Structures are given as structure tokens and as C-alpha cells.
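Quick note: residue numbers are just sequence positions, from 1. The model shown is predicted, which means the values in this text are computed figures rather than measured ones.
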Amino acid sequence: MAFRKALKRTAVIGGGAVATVFGLSQLIEYRKAQARLDNVAAVADLNVPYAEEFPSRQAQLTALRTTEEFDVLVVGGGATGAGCALDAVTRNLKTALVERSDFSSGTSSRSTKLIHGGVRYLQKAIMQLDYEQYMMVKEALHERANLLEIAPHLSAPLPIMLPIYKWWQLPYYWAGIKMYDLVAGIQCLKSSYILSKTKALELFPMLKKDKLVGAIVYYDGRHNDARMNLAIALSAARYGAIIANYTEVVHLLKTKDPQTGKEKVCGAHCRDVITGQEFDVKAKCVINATGPFTDSLRKMDNQQTQNICQPSAGVHVVMPGYYSPDNMGLLDPATSDGRVIFFLPWEKMTIAGTTDTPTNVTAHPIPGEDDINFILREIRSYLSPDVEVRRGDVLAAWSGIRPLVTDPNSKDTQSICRNHIVSTSDSGLVTIAGGKWTTYRSMAEETLDAAIKAHNLSASPCKTVGLLLEGAKGWTPTLYIRLVQDYGLENEVAQHLASTYGVKAFDVAKMAHVTGQRWPIVGKRLVSEFPYIEIPHPWADEFWEMVVK
């Protein structure tokens with residue numbers, strides 16, 4: 001307790017002062033200690049049972065159909081929806097969540113894989129004296145630190161290089177990046193630094209040498225977005241939330257308020273997409289967390305409601321791993337049309353993106369050829385002429401639809417702030433729209449605060465800061481070694497399992513097929529080039545990740 005008080009006394013100094021007084025290594029140790037205390041506090045405050053075994057999907061559907069009334073029904077199984085479910089259930093609210101497809105099948109699995117505050121948003125905040133954008137960056141940097149701590153198996157800091165080709169840009173970008181560090185304060189991952197031309201080429205040999213002055217390296221986080229989303233949903237289920245994928249909302253249920261005579265949302269009529277069976281789910285409060293489909297659900301509530309989302313397509317391409325170093329990203333801060341392009345190592349490949357163009361809402365957006373070619377042109381401008389950037393090197397591409405919050409008359413999505421709004425309709429439908437992946441937890445907290453207030457729900461304060469996600473408790477960076485030694489897995493396969501499932505990797509290893517070889521003993525690869533292994537079908541029930549055939 002005395003140590004915690006000492007930490008609090010030190011924290012009031014402020015980020016810049018702490019960095020000056022302590023130095024980087026002490027600063028990082030302070031942040032880790034504070035995160036551990038946050039986790040201890042989060043767990044100690046919880047008064048919610050934790051299930052060691054998951055119920056099956058069928059059991060979850062039965063609970064949805066037979067429960068008389070939930071406190072909260074969340075519609076949407078993306079990062080924000082799953083975050084709302086976890087926040088609600090850990091406040092002792094009876095919680096349900098439905099998703100019409102796979103968890104994280106939409107925008108939440110089609111990101112740039114970064115956990116970041118937004119360097120360009122900070123630039124806009126400073127240049128335009130925009131306090132709202134500054135606070136958004138500050139909040140995101142706080143959430144970045146929390147996310148790295150609560151799911152260390154799925155996330156890690158990543159150095160990102162900003163190459164400099166004009167001398168005047170060096171002090172300009174250096175000041176901006178240092179401000180980014182300063183805003184992060186005690187939650188700064190690692191201090192940014194300047195590289196000479198020689199050192200920059202040593203670390204990123206694919207860079208264009210001509211006119212290169214040097215480079216600046218700063219740190220942000222990266223994560224496995226799809227697995228992170230699933231970990232949030234599974235954590236909610238562990239604490240008692242009833243969650244079901246492939247369950248869509250057909251229409252909202254309403255009842256008349258006996259006092260006012262007005263209609264109030266009291267649940268949803270749902271359909272099991274697999275069997276076609278339909279049923280009602282009653283709830284005191286319904287939360288709309290459907291991302292790009294926000295307005296569709298809002299119009300189920302009121303056909304006359306005005307749209308609040310303007311969808312924007314973000315396209316990414318996957319290139320061979322030789323396009324980037326194993327552990328260094330690249331940022332193009334000013335593309336030919338004013339966008340930002342990231343160039344990041346991912347799963348032994350390279351991701352490049354993103355675009356930012358208005359689009360129509362669809363369940364399965366397809367990346368356009370123009371967007372792919374735009375990304376390739378920008379890549380060429382930064383890479384050495386020795387590296388021939390070819391259209392045939394694009395191994396895959398995806399398009400994600402960002403649910404940007406905007407004036408419905410606006411057509412320019414590039415200047416839109418990625419902030420979010422929480423609104424409650426006259427009939428009581430609570431909507432969370434906009435925002436970014438990094439801030440899913442704080443968005444969920446704000447949404448539940450609004451829902452509790454609007455519906456007079458009896459609930460405890462938010463407890464998700466520092467609350468470890470599925471697979472995180474007991475995980476260490478060397479856990480994969482135990483998998484190799486105890487089960488006879490290949491090193492690469494063991495690393496993949498440990499970084500995907502965390503401590504649950506042991507459960508997966510127990511079910512892996514014996515290879516029949518001297519080495520590896522277990523773990524038959526599905527494809528020789530990748531560390532994905534065969535698991536018998538009962539895994540769907542035994543390990544329970546809501547697998548649907």
C-alpha cells in the first residue's frame with residue numbers, strides 16, 4: 001500500500017518531469033509496476049464469478065431464449081461491442097451479446113494492426129489548436145498502455161521509422177514526435193530517437209538512399225486485432241455474459257411506457273443464422289455497437305432518424321516479408337494526396353496501408369484496384385530502386401469500413417476526427433458510434449455509464465482498467481519454450497501458439513496430432529510454410545471458441 005502511495009505521489013509530477021527525474025529504464029519499470037497494481041485492483045474489486053469452462057454455443061443460445069430479461073443486450077461482436085459486454089458483466093449486470101457473423105469478422109479484424117494514439121491527429125491538434133483532438137490522442141495513449149498490459153501475448157511495442165529526405169523536416173518532425181512522447185507521459189513505451197543516414201539504412205536496408213538525410217524512430221503498439229477482439233468476447237463469457245455468434249437481430253422489441261405512453265425498446269427479435277430459428281431476447285437496455293451498420297439498427301428504432309455515420313474504406317495490401325525488416329515499421333507522413341501510409345512487418349509478411357475514401361456499407365467490402373495501385377505507388381517512392389515493387393507481389397488485400405462520425409452533409413472523410421459519440425434515442429436505444437480500435441475500452445465504459453443513467457440500472461463502477469484478458473494471466477515471453485520442451489512442438493509452432501492463445505496454448509497443444517516422426521513429436525502443419533497445425537474437430541466443443549461449421 002505504501003508503494004502504491006509512493007507511485008501516486010510521483011505520478012503528480014507529470015510525464016515530462018518523471019522522464020527527466022528517473023530516466024527511461026526507471027520510467028518503464030514505474031509504468032509496469034503501476035499496471036500490475038491496476039490489475040490487482042481490478043481483480044480485487046470484481047464480485048463476479050469466473051467460469052473455468054465455457055458453455056457451448058448451443059447452451060448460450062438456450063440461455064438467450066429462456067432468460068426472462070437481461071439488464072443489457074449488446075448488438076455487435078466487434079471490438080466495441082465485446083468491450084461493452086465485458087464492461088457490463090463486470091459491473092454485475094446480466095449481459096447478453098449477439099453477432100450476426102463471426103466475432104471480429106468486420107472492421108475490427110481489418111485494421112492496420114496498430115495500437116496507437118494517432119501521430120497525425122496530434123499534428124492536427126497542434127496546427128489547428130484543436131483541444132478535442134488533443135484529448136482524443138491523450139486518451140488513446142492511455143488506452144494503448146492498458147491494452148499492452150492486459151493482453152501481452154497478443155500485443156507488443158513496435159519501433160516505427162519516419163525517413164527524412166529534407167533537412168528542414170528533421171526539426172519539424174522531431175518536435176512533433178517528441179510531443180507525442182510527452183503527451184504519453186509515464187505511459188511512453190520507449191523514447192523516440194534520431195538516426196543518421198547510415199544507421200537508418202542499416203536498420204531498414206530497403207529504403208531509398210538518394211537524398212536521405214536520416215530518420216526518426218518512435219514507438220507505438222501492434223496487436224493481433226482479430227484474436228484481441230475474440231479475447232475480449234471470451235473474457236466477457238468467462239465472467240458470465242451470454243454471447244452468441246451467427247445470431248442476427250431481425251427487429252427491435254418495443255413496449256409502451258405506462259407513465260408516459262411512449263414506446264420504449266425492450267429487447268430484440270433474433271434469428272439463429274445457422275438453423276433459422278427465431279426467438280425474442282428481452283432486455284432493459286439495448287446497446288447498438290454495430291460499427292458501419294450503426295444507422296441500420298437506428299432505423300429499426302426510428303425510420304425517420306438522421307444518419308450519424310459516414311463510412312470510409314481503408315484498404316491494406318499484404319506483401320512478401322522481404323519488403324520490410326522483421327521488427328521495424330515505416331511511416332510515410334505525407335503521401336501524394338495528403339494521406340498517411342504505414343508499412344509494417346506482420347506474421348513474416350509486410351502490411352502496407354491504409355487508404356481513406358468514402359464508400360457504401362456492405363458486409364463484405366472488396367478492395368478496389370485504384371486503392372491497391374495507390375498504395376504500391378507510395379511504396380515505390382520510399383523504397384530503393386533495387387526493390388522492384390510489382391503488382392504480382394500483392395499476396396492479399398482487404399478493405400475495412402471505418403464507421404466515422406460526421407455531419408451527414410460532409411463528403412470529406414480524410415479530415416474527420418476519429419472520435420466517437422454516445423447517444424440515447426427517445427425510445428431508449430443506446431448507440432456507440434465512431435472511435436478507433438485502441439480506445440474500445442474507454443468507449444465501452446462511457447457507453448455503459450450512459451446506459452446505466454438512461455435506464456436507471458443498478459451497477460457498480462467500471463472495473464476493466466487493468467483487467468487481464470483471456471490467455472494473459474501467467475503468460476511470459478518464454479512460455480513457448482515450455483511448449484517445445486513439454487510437448488515436442490517445433491519452435492515456430494510453439495511461438496505461434498503462445499502468441500495466439502497465451503496460457504491457453506497448453507490446452508491446444510494437448511489436442512495436437514502426433515506427427516509419427518522423431519521431431520517434432522506433435523503438431524502436424526496444415527501448410528508447410530505456416531505454423532498452423534491440425535486439431536481434431538472436438539476442439540470446437542472442448543476449447544470453445546464459438547467455432548461454427
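Within 6.0 Å of CD1 in Ile366 there are 12 or fewer heavy atoms belonging to other residues, nucleotides or ligands.
Shown here for Thr438 and His116, the closest heavy-atom pair between the two residues is OG1-N, 3.1 Å. When all heavy atoms of Ser108 and Asp225 are compared, the closest pair comes out as O-CB, 3.3 Å. Gly117 and Ala140 make their closest contact through CA-CB, 3.6 Å (heavy atoms, listed as atom of the first residue, atom of the second, distance). Closest heavy-atom contact between Ala512 and Ile533: CB-CD1, 3.9 Å. When every heavy atom of Gly81 is checked against every heavy atom of Ala289, the shortest pair comes out as CA-CB, 3.6 Å. Nearest approach of Tyr219 to Pro157, heavy atoms of both residues: CD2-CB, 4.5 Å.
The shortest distance between side-chain heavy atoms of Arg377 and Arg380 falls below 4.5 Å. With contacts defined as side-chain heavy-atom distances shorter than 4.5 Å, the pair Ile177/Val119 qualifies. Considering only heavy atoms from C-beta on, Glu470 comes within 4.5 Å of Lys504 through its side chain. Counting heavy atoms from C-beta on, the side chains of Leu469 and Met228 come closer than 4.5 Å. Considering only heavy atoms from C-beta on, Leu158 comes within 4.5 Å of Pro345 through its side chain. Using a 4.5 Å cut-off on side-chain heavy atoms (C-beta onward), Ser499 and Arg227 make no contact. In this structure, Ile351 and Phe342 have side chains that are not in contact, with every pair of non-hydrogen atoms separated by 4.5 Å or more. Within the 4.5 Å cutoff, side-chain heavy atoms of Pro325 are placed close to those of Met206.
Taken to the nearest 0.5 Å, the CG atom of Leu122 stands 9.5 Å off from the CE atom of Met136. Between atom CG of residue Leu330 and atom CD1 of residue Ile341 there is a gap of 10.5 Å, rounded to the nearest 0.5 Å. Rounding to the nearest 0.5 angstrom, the gap separating the CD1 atom in Ile308 from the CD1 atom in Ile421 is 3.5 Å. Once rounded to the nearest 0.5 Å, the distance linking CZ of Arg144 with CD1 of Ile115 reads 9.0 Å. Rounding to the nearest 0.5 Å places CG of Leu203 at 6.0 Å from CG of Leu195. The SG atom of Cys309 lies 11.0 Å from the CD1 atom of Ile401; values are rounded to the nearest 0.5 Å.
Under 4.0 Å is where a charged nitrogen must lie from a carboxylate oxygen, and between Arg525 and Glu492 at least one such pair does. A salt bridge is defined here as a Lys NZ or Arg NE, NH1 or NH2 lying under 4.0 Å from an Asp or Glu carboxylate O, and Lys524 with Glu534 fails to meet this definition.
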**Request:** Let me see the working for Phe103 and Ile232 under side-chain contact (heavy atoms from CB on, under 4.5 Å), right down to the final yes or no.
**Result:** CA-CA 10 Å; Phe103 296 116; Ile232 299 166; over 6 Å; no
**Item:** Working for side-chain contact (heavy atoms from CB on, under 4.5 Å), residues Tyr382 and Phe343
**Value:** CA-CA 10 Å; Tyr382 271 87; Phe343 199 58; over 6 Å; no
**Request:** Check the pair Glu369 / Arg391 against salt bridge (Lys or Arg N to Asp or Glu O under 4.0 Å), numbers first and verdict last.
**Result:** CA-CA 10 Å; Glu369 196 64 29; Arg391 176 61 179 84; 2.6 Å; yes
**Residue pair Tyr440, Asn229: steps toward the side-chain hydrogen bond (donor to acceptor under 3.5 Å, both in side chains) verdict** = CA-CA 10 Å; Tyr440 85 90; Asn229 191 159; over 6 Å; no
**Asked** What do the steps show when you test Ser155 against Leu147 for side-chain contact (heavy atoms from CB on, under 4.5 Å), and what is the final call?
**Response** CA-CA 8 Å; Ser155 59; Leu147 197 49; 5.5 Å; no
**Request:** Please test Leu189 against Leu148 for side-chain contact (heavy atoms from CB on, under 4.5 Å), starting from the C-alpha separation and ending with a verdict.
**Result:** CA-CA 10 Å; Leu189 301 180; Leu148 288 167; 3.3 Å; yes
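Below 30°, between 30° and 60°, or above 60°: for His496 and Tyr501 the angle between ring planes is above 60°, a perpendicular geometry. The aromatic rings of Tyr487 and Phe506 sit tilted, their planes meeting at an angle between 30° and 60°.
For Ser109 (side chain) and Gly106 (main-chain N/O), a donor-acceptor pair under 3.5 Å exists by modelled atom type. Within the 3.5 Å criterion, the main-chain N or O of Lys199 finds a donor-acceptor partner in the side chain of Ser196. In this structure, the side chain of Asp326 does not engage the main chain of Lys348 through any donor-acceptor pair within 3.5 Å. For Thr478 (side chain) and Ile481 (main-chain N/O), no donor-acceptor pair under 3.5 Å exists by modelled atom type. Side chain of Ser312 to main chain of Pro358: no donor-acceptor pair is present (N/O by atom type, distance under 3.5 Å, no hydrogens or angles). Formation of a donor-acceptor pair under 3.5 Å by the Asp181 side chain with backbone atoms of Ser192 is found in this model. Between the side chain of Ser104 and the main chain of Leu230, no donor-acceptor pair closer than 3.5 Å is present.
Partner of Arg402 under the side-chain hydrogen bond (donor to acceptor under 3.5 Å, both in side chains) criterion, chosen from Thr359, Thr107, Thr354: Thr354.
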Check residues 313-323 and write down every donor-acceptor pair under 3.5 Å in which the side-chain atom is one partner and the other belongs to a residue at least two apart or another chain.
residue, atom, partner, partner atom, Å
His316, ND1, Trp398, NE1, 3.3
His316, NE2, Thr112, OG1, 2.8
Tyr323, OH, Glu388, O, 3.2
Tyr323, OH, Asp393, OD2, 2.6

Atom pairs and distances, donor-acceptor, side-chain atoms in residues 160-176, under 3.5 Å, two or more places apart:
residue, atom, partner, partner atom, Å
Tyr165, OH, Lys208, O, 2.9
Tyr172, OH, Gln123, NE2, 2.8

